[in-house]
Amino acid sequence: MCIRDRALNVLENQDRFKDQEAIRCLLFETSDIRHILKTLSDVCLNPAFEGKKIHFYFCEKNKENLARANLLFQTIQQADLSARERMELFLDLFGNALIREKSAAYLDSCIKDLMNLVSEDPKTKTPLKQIFDFAELKFKERDEVNDAITSWSSKVPFQMESLRDQRLRHHDKERYDHRVNLIDWDCKMNLNRRLLLLLGQTTRARGRLE
């Protein structure tokens with residue numbers, strides 16, 4: 001399932017599951033939790049699923065995706081924050097490479113709890129320990145997930161701007177010095193004219209260059 005796909009309710013064909021007490025869903029290489037959130041939000045409104053247990057199996061080759069899923073679920077269940085604050089944190093952590101100072105401070109505060117969660121340490125305080133099960137992960141895989149979580153610390157040097165510039169240089173090659181013209185060409189050839197008027201040339205260029 002391509003990460004650019006829209007969020008899907010994996011239980012949309014409801015007739016198959018109406019006689020089952022427990023439903024098991026395997027999500028393979030979906031890269032994030034959007035399908036789980038979409039499924040749960042739809043199921044909560046459907047009386048046909050009342051009282052049923054739903055088990056999601058989240059299979060990912062890249063352990064960074066497992067770590068990220070833990071972080072996003074942790075953000076959703078932060079009951080001490082308002083709904084608006086949780087939404088802002090979730091969107092910042094989900095979609096931005098460069099995050100706000102407030103989000104970075106929150107991320108630092110989560111690292112220890114998330115590592116204890118993956119290690120199934122009884123010291124962990126997160127409510128996720130009641131619904132997450134890491135029994136299928138080998139110890140080596142748990143270490144890989146925790147390594148990814150540790151790398152999020154603000155104490156770990158990570159120059160996002162220079163890394164993105166290197167990626168752009170590799171992608172554009174000899175066209176790198178003319179990237180402003182490339183951006184303008186892409187927008188005019190691939191975007192709807194109404195959307196072009198809405199965004200404006202300055203906004204388009206800034207979004208691609210920053």
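Quantities reported herein were computed from a predicted structural model and do not represent experimental measurements.
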Inset, instruction - Check whether the side chains of Asp113 and Thr126 place a donor and an acceptor atom closer than 3.5 Å, and report yes or no. - result: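 No - no donor-acceptor pair under 3.5 Å links their side chains.
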Any side-chain heavy atom of [X] within less than 4.5 Å of one from [Y]?
X: Tyr57; Y: Glu136; value: no
X: Glu161; Y: Leu98; value: yes
X: Asp42; Y: Phe49; value: no
X: Ile131; Y: Leu128; value: yes
X: Arg24; Y: Leu26; value: no
X: Phe56; Y: Thr39; value: yes
X: Glu29; Y: Glu60; value: yes
X: Leu66; Y: Val118; value: no

Group every Ile, Leu, Val, Met, Phe, Trp and Tyr by side-chain heavy-atom contacts under 4.5 Å, then state whether [X] and [Y] land in the same group.
X: Ile111; Y: Phe94; result: yes
X: Leu137; Y: Phe139; result: no
X: Tyr106; Y: Met87; result: no
X: Leu114; Y: Val156; result: no

Could you tell me which non-hydrogen atom of [X] sits nearest to which non-hydrogen atom of [Y], and how far apart they are?
X: Glu141; Y: Lys138; result: OE1-N, 2.8 Å
X: Lys123; Y: Asn116; result: CB-ND2, 4.3 Å
X: Ser31; Y: Arg68; result: O-NH1, 3.9 Å
X: Ser41; Y: Leu45; result: O-CG, 3.6 Å

[atom1]-[atom2] distance between [X] and [Y], expressed to the nearest 0.5 angstrom:
X: Leu91; Y: Ile99; atom1: CG; atom2: CD1; value: 13.0 Å
X: Asn70; Y: Asn65; atom1: CG; atom2: CG; value: 11.0 Å
X: Asp143; Y: Met115; atom1: CG; atom2: CE; value: 9.0 Å
X: Asn62; Y: Glu144; atom1: CG; atom2: CD; value: 9.5 Å
X: Leu117; Y: Lys129; atom1: CG; atom2: NZ; value: 9.5 Å
X: Arg86; Y: Asp80; atom1: CZ; atom2: CG; value: 8.5 Å

May I ask you to decide if [Y]'s main-chain N or O and [X]'s side chain share a donor-acceptor pair within less than 3.5 Å?
X: Lys52; Y: Gln20; value: yes
X: Lys63; Y: Lys61; value: yes
X: Thr30; Y: Leu27; value: no
X: Ser153; Y: Thr150; value: no
X: Asp133; Y: Ala135; value: yes

Inset, instruction - Can you label the angle between the Phe132 ring and the Phe134 ring as parallel, tilted or perpendicular, going by 30° and 60°? - result: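 Plane angle over 60°, so perpendicular.
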Inset, instruction - Indicate yes or no: does Arg34 engage Asp32 in a salt bridge with an N to O separation below 4.0 Å. - result: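 Counted as a salt bridge, because a side-chain N and a carboxylate O are separated by less than 4.0 Å.
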Legend entry - Ion pair Arg84/Glu88, N-O distance below 4.0 Å: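 Yes, Arg84 and Glu88 are salt-bridged.
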Legend entry - Partners passing side-chain hydrogen bond (donor to acceptor under 3.5 Å, both in side chains) against Arg100 (at least two apart in sequence or in another chain):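 Counting only residues at least two positions away or on another chain, Arg100 forms a side-chain hydrogen bond (donor to acceptor under 3.5 Å, both in side chains) with Asp92, Ser103.
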